[in-house]
Undergrad: 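Shown below is the structure under consideration.
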Amino acid sequence: MLDINIVRQNPDDVIAMLHRRQMGGEAGKVKELLDLDRSRKEMVQRADDLKATRNRVSREIADIKRTGQGSADELIRQMKSVSDQISELDADLAKLETVMEELLLGLPNMLHHSVPEGRTAEDNMLYKGPVEFTHDLDFPVTNHLELGKSLGILDFERGAKISGAGFPVYIGKGARLERALINFMLDMHTEHHGYTEVFPPFLVNQESLRGTGQWPKFADQVYHICEDGLYAIPTAEVPVTNLHRGEMLDPAALPIAYVAYSACFRREAGSYGKDTRGFLRVHQFNKVEMVRFTRPEASYEALEEILSNAEAILRALKIPYRVITLCGGDISANAAKCYDIEVWSPAENKYLEASSVSNFEDYQARRSNIRFKPDGKSKPEFVHTLNGSGLATSRLMVSLLEHYQTADGKIVIPEALRPYTGFDLIG
RNA sequence: GGAGAGGUCGCAUAGUUGGUCUAGUGCGCUCGCCUGGAAAGCGGGUAGGGUGUAACAGCCCUCGAGGGUUCGAAUCCCUCCCUCUCCGCCA
């Protein structure tokens, strides 16, 4: 959520941001918000004055009742009318504030000045790489689906039987490989990158979704357990960022860095027919997610660190990748700046997004009310929140299987992973 | 799932026949006095949001959350959330 003060003081900046995001059509919301804001102030003023009167006179009535001197009937009669006016004003005010809140929640985050201009994914800028590693693939490559099937380590058909399309099953060495990847990544981030491990709930309430910005905008992409009012998390970002929702953080504790494994659930409504093969788009996948809470002035340095933490995994596994900076038209509404890490798929002959590393600045912190007091006594400030996948195993698995395949259809396990798999070859 | 108890300003507590509660007290923290220095003692301060102001002040809201009754609610009523105890079921 944007600070209403930014809208008040720099409405033109907000409108410029909407244009950079290819959302110029939303510009009218800014003026609407300003108008509502003015009436709100005026109404608050009137309501507060009436409340002050009521409080003062109520004390007079109390005095009269206590001392038994005189009658309070006339005052009570007057206050009855005042109270009615207050109720009416408060009700109007509540309605108006709901509208303002919805408008404000609907506005995307301000963009960092370094975010490239552009309309679509075509306009994203290469930031790092491509980083290549030598693999001998001087034979016709097989795609991950066929490899998984022929080796008996992935079963999409049975997954479809027991749950539906897009729920892969890992079997035997495939299951072990998946677990090895997760453990390897968690160990790397906790032992070498300074993160504290968190194992979060996979079901959250609506307030948590709202806090990180998945609600209400992406409501249709989240699995909902109606009976209990719970939602399956689309990413560990949701429970982990919400760990500190509504808290005043100890400034000495900043920056806070968490890493969490979670299964991730996404309905992917409306995206059928696009990159749906095998692991390219699934409803449930595994991801290790890094989340940081920082002081505002430290967040862009932290963004680069998270990026390099994620890169370290790919470097250790020797998987080719590149990093791109998302342009204004492609970046998500919550983020002020975002890098995508893409891994190379030899069979698809293209890069696949395996990680998204974002700085939300105070956008999520304001929604979820996560603050700290800079020097212990001044006004509280919102922290900056960031996160980055490190990484999602589904796309990583695609790239790993395809890169490490042999001419006779086996998979060589990357050296760094062998302590975790306990074997060095599948097939 | 059933029965009961409870959620108060960092912590602990007072406050439940509605009105000196604009929430008292203790601890903690902090500032000052005192001291050669410290302890003790004494005195002051000790949340967040809104509005307002040049900045203060002032005013409004918040006693788990949200409604309701009332001129007036920490206090009465309703709904929900959470914690604890007991019972049942259970990985």
Side-chain angles (χ1 to χ4, degrees), chain A residues 1-9 33-105 199-211 215 225-231 239 242-254 263 362-383:
Chain A
M1 179 162 66
L2 285 185
D3 186 350
I4 184 71
N5 285 313
I6 292 180
V7 184
R8 279 179 195 147
Q9 291 157 20
L33 209 43
L34 286 173
D35 289 343
L36 288 172
D37 186 48
R38 269 189 291 273
S39 2
R40 190 193 78 94
K41 278 197 184 189
E42 194 243 336
M43 285 165 76
V44 163
Q45 203 57 60
R46 270 195 291 152
D48 281 2
D49 284 348
L50 287 171
K51 284 174 184 172
T53 303
R54 183 177 67 183
N55 288 342
R56 182 171 47 75
V57 176
S58 281
R59 259 168 281 161
E60 287 173 21
I61 292 172
D63 280 339
I64 291 170
K65 294 269 187 189
R66 195 172 49 252
T67 59
Q69 292 180 346
S71 165
D73 294 351
E74 174 58 20
L75 288 178
I76 289 176
R77 205 180 53 75
Q78 287 174 13
M79 285 311 101
K80 195 170 172 53
S81 136
V82 168
S83 272
D84 288 346
Q85 292 179 56
I86 290 172
S87 304
E88 210 173 306
L89 262 176
D90 274 350
D92 290 348
L93 205 49
K95 265 185 247 165
L96 188 142
E97 284 180 339
T98 304
V99 175
M100 280 185 71
E101 169 108 356
E102 290 305 315
L103 275 175
L104 209 50
L105 283 174
F199 203 123
F202 293 176
L203 297 180
V204 296
N205 56 34
Q206 196 180 98
E207 288 69 42
S208 295
L209 286 180
R210 199 173 265 273
W215 194 274
I225 289 105
C226 298
E227 203 168 15
D228 300 290
L230 293 170
Y231 301 82
N242 276 282
L243 277 179
H244 294 300
R245 169 153 53 88
E247 292 185 13
M248 189 75 72
L249 300 177
D250 175 4
L254 296 175
D362 64 4
Y363 192 84
Q364 290 182 330
R366 180 170 287 106
R367 290 175 87 111
S368 29
N369 198 24
I370 305 171
R371 298 170 296 171
F372 74 107
K373 288 190 188 176
D375 55 12
K377 58 180 172 183
S378 59
K379 281 255 168 198
E381 277 185 41
F382 290 105
V383 296

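Just so it is clear: chains get the letters A, B, ... in the order the sequence lines come, proteins before strands, and each one is counted from 1. Predicted model, so just to flag it, every value in this text is computed and none were measured.
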Undergrad: Using the C1' atom in both, what is the distance from B:U13 to B:A23, to the nearest Å?
TA: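 Between the two C1' atoms, the distance is 13 Å.
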Undergrad: State whether A:Arg210 and A:Glu207 are salt-bridged, where the test is any N-O pair (Lys NZ or Arg NE/NH1/NH2 against Asp/Glu carboxylate O) under 4.0 Å.
TA: no
Undergrad: Rounded at 0.5 Å granularity, tell me how far CG in A:Asn242 sits from CZ in A:Arg367.
TA: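 The CZ atom of A:Arg367 is 10.5 Å from CG of A:Asn242, to the nearest 0.5 Å.
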Undergrad: Using the P atom in both, what is the distance from B:A14 to B:U62, to the nearest Å?
TA: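 The answer is 23 Å between these two P atoms.
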Undergrad: Find the distance A:Glu247:CD to B:A47:C1' and express it as a whole number of Å.
TA: 15 Å
Undergrad: Is there a Watson-Crick or G-U wobble partner for B:U51 with both distances under 3.5 Å, and which nucleotide is it?
TA: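 Its partner is B:G58.
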Undergrad: Can you tell me the pairing partner of B:G72 across any strand shown, Watson-Crick or G-U wobble, with both distances under 3.5 angstrom?
TA: none
Undergrad: With rounding to the nearest 0.5 angstrom, report the CD to CG distance, A:Glu88 to A:Leu50.
TA: 11.0 Å
Undergrad: Evaluate the side-chain proximity of A:Tyr231 to A:Gln206: yes if any heavy-atom separation is below 4.5 Å, no if none is.
TA: yes
Undergrad: Using atom P of each nucleotide, how far apart are B:A39 and B:U30 to the nearest Å?
TA: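 It works out to 11 Å between them.
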Undergrad: Taking atom C1' in both B:C9 and B:G64, compute the distance separating them and give it to the nearest angstrom.
TA: 14 Å
Undergrad: Specify the separation, in whole Å, of atom CG of A:Leu89 and atom P of B:C61.
TA: 14 Å
Undergrad: Are any protein N/O atoms closer than 3.5 Å to N/O atoms in nucleotides 70-72 of chain B? If there are, list each pair with its distance.
TA:
unit_1 : atom_1 : unit_2  : atom_2 : d
B:C71  : OP2    : A:Lys80 : NZ     : 3.0
B:C71  : O4'    : A:Ile76 : O      : 3.3
B:C71  : O3'    : A:Ser83 : OG     : 3.1
B:G72  : OP1    : A:Ser83 : OG     : 2.8
B:G72  : O4'    : A:Ser58 : OG     : 3.4

Undergrad: Between atom CE of A:Met43 and atom CD of A:Gln45, what is the distance when rounded to the nearest 0.5 Å?
TA: 12.5 Å
Undergrad: Using a heavy-atom cut-off of under 4.0 Å over every strand shown, decide if A:Arg371 touches base, sugar-phosphate, or nothing.
TA: sugar-phosphate
Undergrad: Identify, between A:Asp63 and A:Lys51, the residue whose nearest nucleotide on RNA chain B lies closer to the 5' end.
TA: A:Asp63
Undergrad: Check the interface with nucleotides 50-52 of chain B: list each N/O to N/O pair with the protein under 3.5 Å, or write none.
TA:
unit_1 : atom_1 : unit_2  : atom_2 : d
B:G50  : O3'    : A:Arg40 : NH2    : 3.0
B:G50  : N2     : A:Asp48 : OD2    : 3.2
B:U51  : OP1    : A:Arg8  : NH2    : 3.3
B:U51  : OP1    : A:Arg40 : NH2    : 2.8
B:U51  : O2'    : A:Gln45 : OE1    : 2.4
B:G52  : OP2    : A:Lys41 : NZ     : 3.4

Undergrad: Work out which heavy atom in A:Ile370 is nearest to a heavy atom in A:Gly246; give both atom names and the distance.
TA: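 So the minimum-distance heavy-atom pair works out to CG1-N, 4.4 Å.
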Undergrad: Please tell me if the side chains of A:Asp362 and A:Val383 come closer than 4.5 Å, counting only heavy atoms from C-beta onward.
TA: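 Sidechains of A:Val383 and A:Asp362: no contact.
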Undergrad: Rounding to the closest angstrom, what is the interatomic distance between B:C11 and B:A65 at atom P?
TA: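 B:C11 and B:A65 have their P atoms separated by 14 Å.
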Undergrad: Provide the Watson-Crick or G-U wobble partner of B:C11, both distances under 3.5 Å; none if there is no partner.
TA: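 Checking every strand shown, B:C11 finds its partner in B:G26, with both distances under 3.5 Å.
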Undergrad: Does any donor atom in the side chain of A:Ser58 or A:Asn55 lie under 3.5 Å from an acceptor atom in the other side chain?
TA: no
Undergrad: For A:Ala52 and A:Ala62, find the nucleotide of RNA chain B closest to each by heavy atoms; which residue's nucleotide sits nearer the 5' end?
TA: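 On the 5' side of the pair lies A:Ala62.
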Undergrad: How about A:Leu75 and A:Glu60: do any of their side-chain heavy atoms sit closer than 4.5 Å?
TA: yes
Undergrad: Atom CG of A:Asn369 to atom P of B:G48: distance rounded to whole Å?
TA: 12 Å
Undergrad: When all nucleic acid strands are considered with a 4.0 Å heavy-atom cut-off, which category describes A:Asp49: base, sugar-phosphate, or nothing?
TA: nothing
Undergrad: Name the pairing partner of B:U35, where a pair is Watson-Crick or G-U wobble with both distances under 3.5 Å, or state none.
TA: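 Base partner found: none.
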Undergrad: What are the two closest non-hydrogen atoms of A:Leu2 and A:Tyr363, and how far apart are they?
TA: N-CE1, 3.9 Å
Undergrad: Taking the same atom, P, in B:C78 and in B:G6, what whole-Å distance lies between them?
TA: 14 Å
Undergrad: How close or far is atom C1' of B:C59 from atom CZ of A:Arg46, stated in whole angstroms?
TA: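 For the pair A:Arg46 CZ and B:C59 C1', the rounded distance is 17 Å.
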Undergrad: Which value, in whole Å, describes the distance between the P atoms of nucleotides B:A47 and B:C31?
TA: 15 Å
Undergrad: Would you list the protein and nucleotides 16-18 of chain B atom pairs, both N or O, that sit under 3.5 Å from each other?
TA:
none

Undergrad: Rounded to whole angstrom units, what separation is found between the CD1 atom of A:Ile370 and the P atom of B:G49?
TA: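 So the CD1-P distance, A:Ile370 to B:G49, works out to 15 Å.
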Undergrad: Measure from CG on A:Asp250 to C1' on B:C29 and round the result to the nearest Å.
TA: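 The answer, rounded to whole Å, is 13 Å.
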Undergrad: When you measure from the side chain of A:Asp250 to the backbone of A:Ala252, do you find a donor-acceptor pair of N or O atoms at a distance under 3.5 Å?
TA: yes
Undergrad: Using Watson-Crick or G-U wobble geometry with both distances below 3.5 Å, tell me the partner of B:C63, or none.
TA: none
Undergrad: Of all heavy-atom pairs between A:Ser83 and A:Arg54, which one has the smallest distance, and what is that distance?
TA: OG-CD, 3.4 Å
Undergrad: Could you tell me how far B:G45 sits from B:C81 if I compare only their P atoms? Round to whole Å.
TA: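 Nearest-Å result for B:C81 against B:G45 at atom P: 42 Å.
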Undergrad: Show your reasoning for whether salt bridge (charged side-chain N to carboxylate O under 4.0 Å, His left out) applies to A:Arg38 and A:Asp35.
TA: CA-CA 5 Å; A:Arg38 269 189 291 273; A:Asp35 289 343; 2.9 Å; yes
Undergrad: Which base, if any, makes a Watson-Crick or G-U wobble pair with B:A5, both distances under 3.5 Å?
TA: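 Because both required distances fall under 3.5 Å, B:A5 counts as paired with B:U83.
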Undergrad: Could you tell me the separation between the CD atom of A:Glu97 and the P atom of B:C61, rounded to a whole number of Å?
TA: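 The answer, rounded to whole Å, is 14 Å.
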Undergrad: For B:C89, give its Watson-Crick or G-U wobble partner with both distances under 3.5 Å, or none.
TA: none
Undergrad: Taking only the side-chain nitrogens and oxygens of A:Asn55, find out if one of them lies under 4.0 Å from OP1 or OP2 of B:C59.
TA: no
Undergrad: Can you tell me the base-pairing partner of B:U16? Count Watson-Crick or G-U wobble geometry only, both distances below 3.5 Å, and say none if there is no partner.
TA: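 Across any shown strand, B:U16 pairs with none.
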Undergrad: To the nearest Å, how far apart are A:Asp228 CG and B:C81 C1'?
TA: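 It works out to 14 Å between those atoms.
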Undergrad: Ignoring hydrogens, what is the shortest heavy-atom contact between A:Glu97 and A:Arg40? Give both atom names and the distance.
TA: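 What the structure gives for the nearest pair is OE2-NH1, 2.9 Å.
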